[in-house]
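Input: one structure, supplied below.
Numbers here simply count residues along the sequence, with the first being 1.
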Amino acid sequence: MVVKNKDKKIRVAVAMSGGVDSSVAAAVLKDKGYDVFGLTMQFSFGVSAVSDARRVADTLGIKHYVIELTQELESLVITDFCKQYLKGRTPNPCVICNEHVKFGVFLEKANELGAEFLATGHYARIIRGQGTPAFGRQGDRGQSTLKKAKDLRKDQSYFLYRLKQEQLKKIIFPLGNLKKEEVRLLAKKYRLPVADKPDSQEACFVPGGDCRAFLKSRVASLIKPGEIVDTKGNVLGGHDGICFYTIGQRQGLKIAWGYPLYVLKINPQENRIVVGKKEEAYAKEFLVGDLNFIVKQRKNKFAAQVKIRYNHTQAPAELLLRKDGAKVKLKTAQFAVTPGQSAVFYHGEVVLGGGVIKEVVD
């Protein structure tokens, strides 16, 4: 799980969100003899999370601290979230939050409090110092490798591809080798007060998961109605704002047609949404920018498996690195390749890296 130190207990801060996963992570580490304390990110909208985390810390008999990070979340995540939607893109705020807030500012705060490591309830695994087998060779010794979780149904490695080596060396994922069912049983074993608490599914800062309402509350004056057109430019209807639509969307178009229509393209310059048949929403090639590689790349052209969104089954592809990013050539066309979403590259269970989808190549 983590390097051992026979001379003293290793001091670990556990990012406690008030949920069952992070609570069990804290319990497991304490049970294994680590010097554990709880650390909770507090946002202006997250009072219940702090309350639940504190109750768990009291149950475990560990210290608990609260770090106010509303301003950091606003500047590093939420502002960009709104900007991307206004550009007709579909961002993934959890990816950005993990890179800059949770394993950025928050990790620094944990270190300031004397923690050698920050542990979270993520379902993923970190392998330390064994080299990274990739592309038929042994990787760099001393490097940390990010791998998928044992429970592939809960695997969250997709959201962690932007982490750097210096961050991975200070992180522990205690649940990486556990199944979700095992975590629930451990929560009951440790008699945690959140043992039966449901899992959260949406971005933490979007009330009730209602992205439309959230955007209206933030950038209503910048949202403009426009036209919905077919691939030939014929006007079929109207939209309330491009920020309310995403590639592959079928519902909410309010157009009666002879066959189901899907969003194929969002054009922010013309404030238009292009729709068509489902088969037209498939793509084989696309461009990726803002790359981050966990495993060093020594070739400009290589094969990998690619996930174009979290709940997507990874697909084989060829990657061609360029100065401004990469071109991805999928072996088989995939549905709804969406600008703003992350394309994450895998070699088996190993996360090689990834980037942000820029555009589909016609």
* Begin from the C-alpha positions of K154 and D21 and carry the test salt bridge (Lys or Arg N to Asp or Glu O under 4.0 Å) through to its verdict. => CA-CA 11 Å; K154 300 295 293 183; D21 292 332; 5.6 Å; no
* According to the interplanar angle, ranging from 0 to 90°, do the rings of Y310 and Y158 count as parallel (below 30°), tilted (30 to 60°) or perpendicular (above 60°)? ->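 Correct class here is tilted.
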* At what distance, to the nearest 0.5 angstrom, does CG of L160 lie from CZ of R125? ->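 Here the interatomic distance stands at 13.5 Å.
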* To do: Determine, step by step, whether T40 and Q42 satisfy the side-chain hydrogen bond (donor to acceptor under 3.5 Å, both in side chains) criterion, reporting the C-alpha distance in whole Å, the side-chain angles of both residues, the deciding distance to 0.1 Å, and the verdict.
  => CA-CA 6 Å; T40 299; Q42 177 170 273; over 6 Å; no
* To do: Evaluate side-chain contact (heavy atoms from CB on, under 4.5 Å) for L319 paired with V288, printing each intermediate quantity in order.
  => CA-CA 10 Å; L319 276 67; V288 176; over 6 Å; no
* If only atom types and distance count, is the side chain of R128 paired as donor or acceptor with the main-chain N or O of L168 below 3.5 Å? ->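 It does hold such a pair.
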* Asked: Going by an N to O cut-off under 4.0 Å, is there a salt bridge joining K147 and E349?
  -> yes
* To do: Using a strict 4.0 Å threshold on nitrogen-to-oxygen distance, state whether R11 and D35 make a salt bridge.
  =>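 Salt bridge flag = yes for D35 with R11.
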* To do: Compare every heavy atom of L163 with every heavy atom of N98, then report the nearest pair and how far apart it is.
  =>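 In terms of heavy atoms, the two residues are closest at O-CD2, 4.0 Å.
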* Any chance you could lay out the salt bridge (Lys or Arg N to Asp or Glu O under 4.0 Å) test for K164 and E99, step after step, and finish with the verdict? => CA-CA 8 Å; K164 311 297 189 291; E99 179 183 13; 3.1 Å; yes
* **Under 3.5 Å donor-acceptor, E227 side chain and R272 backbone** =>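 No, because the side chain of E227 does not come within donor-acceptor range (under 3.5 Å) of the backbone of R272.
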* **Straight-line distance of N111 CG to K170 NZ, nearest 0.5 Å** => 4.5 Å
* To do: Report the distance from atom NZ of K327 to atom CD of E285, rounding to the nearest 0.5 Å.
  =>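 Here the interatomic distance stands at 4.5 Å.
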* To do: Please check if the side chain of K296 supplies one atom and the backbone of I294 the other of a donor-acceptor pair under 3.5 Å.
  => no
* Asked: For the residue pair V20 and A187, what are the closest heavy atoms and their distance?
  -> CG2-CB, 3.6 Å
* Does any non-hydrogen side-chain atom of I247 lie less than 4.5 Å from one of T90? -> no
* Distance in Å, I255 CD1 paired with I228 CD1, rounded so as to fall on 0.5 Å steps ->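 I255 atom CD1 to I228 atom CD1 measures 4.0 Å (nearest 0.5 Å).
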* Asked: Taking the side chain as C-beta and beyond, is there a heavy-atom pair between I172 and V12 under 4.5 Å?
  ->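 Contact flag for I172/V12 side chains = yes.
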* So, K83 and D80, do they make that salt bridge, N to O below 4.0 Å? -> no
* State the NZ-CG distance between K102 and L73, to the nearest 0.5 angstrom. => 10.5 Å
* **Electrostatic pair D290-K358, nearest N-O below 4.0 angstrom** => no
* Asked: Taking all atoms of both residues into account, what is the closest heavy-atom pair of S23 and V194, and its distance?
  -> OG-CG2, 3.4 Å
* Between D210 and R212, does a salt bridge (Lys or Arg N to Asp or Glu O under 4.0 Å) hold up when you go through it step by step? -> CA-CA 6 Å; D210 190 342; R212 176 182 284 258; 6.0 Å; no
* Looking only at heavy atoms, what is the nearest atom pair of C97 and V77, with distance? -> CA-CG2, 3.8 Å
* P193 side chain reached by T59 side chain, heavy atoms, under 4.5 Å -> yes
* For F214 and F81, what are the C-alpha separation, side-chain angles and deciding distance, and is it a side-chain contact (heavy atoms from CB on, under 4.5 Å)? -> CA-CA 11 Å; F214 180 79; F81 177 83; 3.9 Å; yes
* Asked: Hey, is D196 close enough to K188 for a salt bridge, meaning N to O under 4.0 Å?
  -> yes
* So, K224 side chain and S221 main chain: donor-acceptor pair closer than 3.5 Å or not? ->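 Flag set: sc K224 to bb S221 pair under 3.5 Å.
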* **Presence of salt bridge, K216 and D240, under 4.0 angstrom** =>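 Here D240 does not pair with K216 in a salt bridge, since their nearest N and O are not under 4.0 Å apart.
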* Yes or no on salt bridge (Lys or Arg N to Asp or Glu O under 4.0 Å) for D58 and R55, after CA distance, side-chain angles and deciding distance? -> CA-CA 5 Å; D58 289 342; R55 287 196 300 137; over 6 Å; no
* Asked: Do T120 and S22 have side chains that get closer than 4.5 Å, going by heavy atoms?
  -> no
* To do: Give the intermediate values and the outcome of side-chain contact (heavy atoms from CB on, under 4.5 Å) for residues V306 and K331.
  => CA-CA 10 Å; V306 180; K331 188 172 183 179; over 6 Å; no
* Asked: Relative to each other, are the rings of H122 and F103 parallel, tilted or perpendicular (30° and 60° limits)?
  ->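 Judged by the thresholds at 30° and 60°, the geometry between H122 and F103 is tilted.
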* Using a strict 4.0 Å threshold on nitrogen-to-oxygen distance, state whether E74 and R218 make a salt bridge. =>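 Answer for the salt bridge query: yes.
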* CA sep, side-chain torsions, deciding dist, call: F244, I273, side-chain contact (heavy atoms from CB on, under 4.5 Å) -> CA-CA 11 Å; F244 300 136; I273 291 175; over 6 Å; no
* At their closest point, which heavy atom of A149 faces which heavy atom of A124, and how far apart are they? -> CB-N, 3.7 Å
* Less than 4.5 Å apart, any side-chain heavy atom of N267 and any of V229? ->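 Not in contact.
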* Fit a plane to each ring of F293 and F302, take the angle between them on a 0 to 90° scale, and name the class: parallel (under 30°), tilted (30 to 60°) or perpendicular (over 60°). =>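 F293 vs F302 ring planes: perpendicular.
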* **Distance (rounded to the nearest 0.5 Å) between H312 NE2 and I308 CD1** => 4.0 Å
* Asked: For the residue pair Y262 and K277, what are the closest heavy atoms and their distance?
  ->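 That closest heavy-atom pairing would be CD1-C, 4.2 Å.
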* Asked: Is it the case that K278 places NZ or CZ above or below the six-membered ring of F335, under 6.0 angstrom from the centre and within 45 degrees of the axis?
  ->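 Yes; both conditions hold, so K278 lies above the ring face of F335.
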